[in-house]
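First comes the structure, then the notes that go with it.
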Amino acid sequence: MFQNIGEMVLLFWHTLLALPLMWRQRDKVFDQFYEIGNASLLMVCVLSFFIGGVLALQTGPTLVERGLHNYVGGLVGFSMAKELAPIMMAILIAGRIGSAMAAEIGSMRVYQEIDALQTMNINPVHYLVLPRLVAIAFALPMLVVFSILVGWLGGAVVASATSQIDITMQAFFVSMRDAVKLEDVANGVFKGFCFAWIVGVVSCHQGLVTRGGPRGIGRSVTKAVVNSIILIVVFDYVLTRILLK
Amino acid sequence: MMSTPSNNHSGVSVEVRGLRRSFNNQEVLKGLDLVVRPGEIFVIMGPSGSGKSVLLRHIIGLEAPNAGEILINGESIQTPGVMNKYRMAMVFQSGALFNSLTVGENVGIYLTEHHLRPPEEITRIVAEKLETVGLKGTESKLPSELSGGMKKRVAIARALVIEPQLILYDEPTSELDPISAVVIAEEIFELNRRIGVTSLVVSHDRDLAFGIAHRIAVINEGEIIAIGSPDEVKRSSHPVIRNFLHADFKPQ
Ligand SMILES: Nc1ncnc2c1ncn2[C@@H]1O[C@H](COP(=O)(O)OP(=O)(O)OP(=O)(O)O)[C@@H](O)[C@H]1O
Ligand SMILES: [Mg+2]
């Protein structure tokens, strides 16, 4: 994995240099964007609702027992916004979209489609990598926002419906408003933005360096997902440390 | 980066000098030398595995040689910018169509991606080129819905759209029935006559080779064993060439 980091940084750099060409590729960006939303929105809903819910369920009774009713909403809201939504969405997108990127680009490599692009003077980074990276860099932060909102709702519903917690939805959101600042949400969205580049660069890179036949494609897909997740978790720590005041 | 359309429709010359290439200690090209003149139809024949496809991949710049060099119109293709200066096309042995794109998008991709023509005109050109290769009205099909020979013809249409100055065909007729093969041979010939494109054709097809070639090279185990006009090659006494040209199935 690590001998490839240099190549990945280079790919990232080439993509950044190509950003001015994005307007020409806008149709492909929209296609990818639509693809990402279409593939993940329902999953994001279910996942976020239940994570928010289970968070309330795990922490609620203990807090209430100690008379800390006012902190349940804050705790759920805070954890969801700063940590759980970005990391969950990133891992979900690595599995759902990163794998698809590596598979598609990998099969294009194996079946000489990328060679054909090169003979036609079409730069594979501009044609394949740029639209995917731009789309994911927009989509993932938006999914994070969406996930945060659904997670909060899940927490509120569970908190009000569970007899051991028994906090009204209104009280839940009031306590959340006191604890969670806009800055915390921005923090999570920013993490999502960074993770998006990781998933995109790692997956596209794996696709481009695919060797061999169908088995090579399978190997690339696995590597894309596993390496993305490892890097996401490591960067999550680093980013949290940096953003800590 | 973008190639611009030019009115210069004359073919380019190709010169291969001392080309060597090994894959994992197996020497595939053992010092090839050949010169293809502008506007020539040059056919490369040779047994399977002799390195013909590898040679084409070097000429179009997909592979870098271990030694030797390739010159297009006298300029090394390693020199930055040279590859972008000339319009070149390659018809891959496998076709190498874009499997996620329709036939129409495949054929038009060069014009679309380089923004060379407005969309309506691209549609018209695509329809015209598909008709040329006998696939009228297949624009909206996906490559997976085509037969092997049809894919090959789409790949040829895709190369024709580029209006290249150098075109490399890797076994253009290998999967075609005799009638389609003749149609493709005529098209290769016609394209060469019309825009003077230099054409390098790799083929096992003896009829195609002797029918359209200005000159022929025979390559065997990474070396050129004969080069010359079709008649000269036919008269060669080299045993591999004699076998190659006269191989016939004879029931015992
Ligand atoms: N990427 C590669 N890695 C390793 N070996 C390769 C590679 N490409 C080609 N070869 C080897 O080079 C030799 C020549 O291959 P090439 O594809 O040029 O043959 P060919 O003359 O085109 O044959 P055919 O007529 O069957 O297409 C073969 O022995 C092949 O195994
Ligand atoms: Mg071959």
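Residue numbers begin at 1 in each chain, while the letters A, B, ... track the order of the sequences.
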Open item on the list: For B:F98 and A:Y127, take the angle between the two ring planes, folded into 0 to 90°, and tell me which bin it lands in: parallel under 30, tilted 30 to 60, perpendicular over 60.
Closed with: tilted

- [ ] Measure from NZ or CZ of B:R21 to the centre of the six-membered ring of B:F23 and say whether it is under 6.0 Å with the direction within 45° of the ring axis.
- [x] yes

TODO: With a 4.5 angstrom heavy-atom cut-off, could you sort out which part of B:L101 is near chain A: side chain, backbone, both or neither?
DONE: side chain

Task: Heavy-atom pairs under 4.5 Å with chain A, option from B:R158, B:M83, B:M88 with the top count - done: B:R158

Open item on the list: Counting heavy-atom pairs closer than 4.5 Å to chain A, which one of B:V91, B:N99, B:I162 comes out on top?
Closed with: B:N99

TODO: Please name the residue in the list B:L97, B:V133, B:L135 that meets the side-chain contact (heavy atoms from CB on, under 4.5 Å) test with B:M150.
DONE: B:L135

Open item on the list: Would B:Y169 and B:Q93 count as a side-chain hydrogen bond (donor to acceptor under 3.5 Å, both in side chains) here? Give the steps.
Closed with: CA-CA 8 Å; B:Y169 302 89; B:Q93 192 164 5; over 6 Å; no

Task: Atom group of A:L117 that falls short of 4.5 Å from chain B, counting heavy atoms - done: both

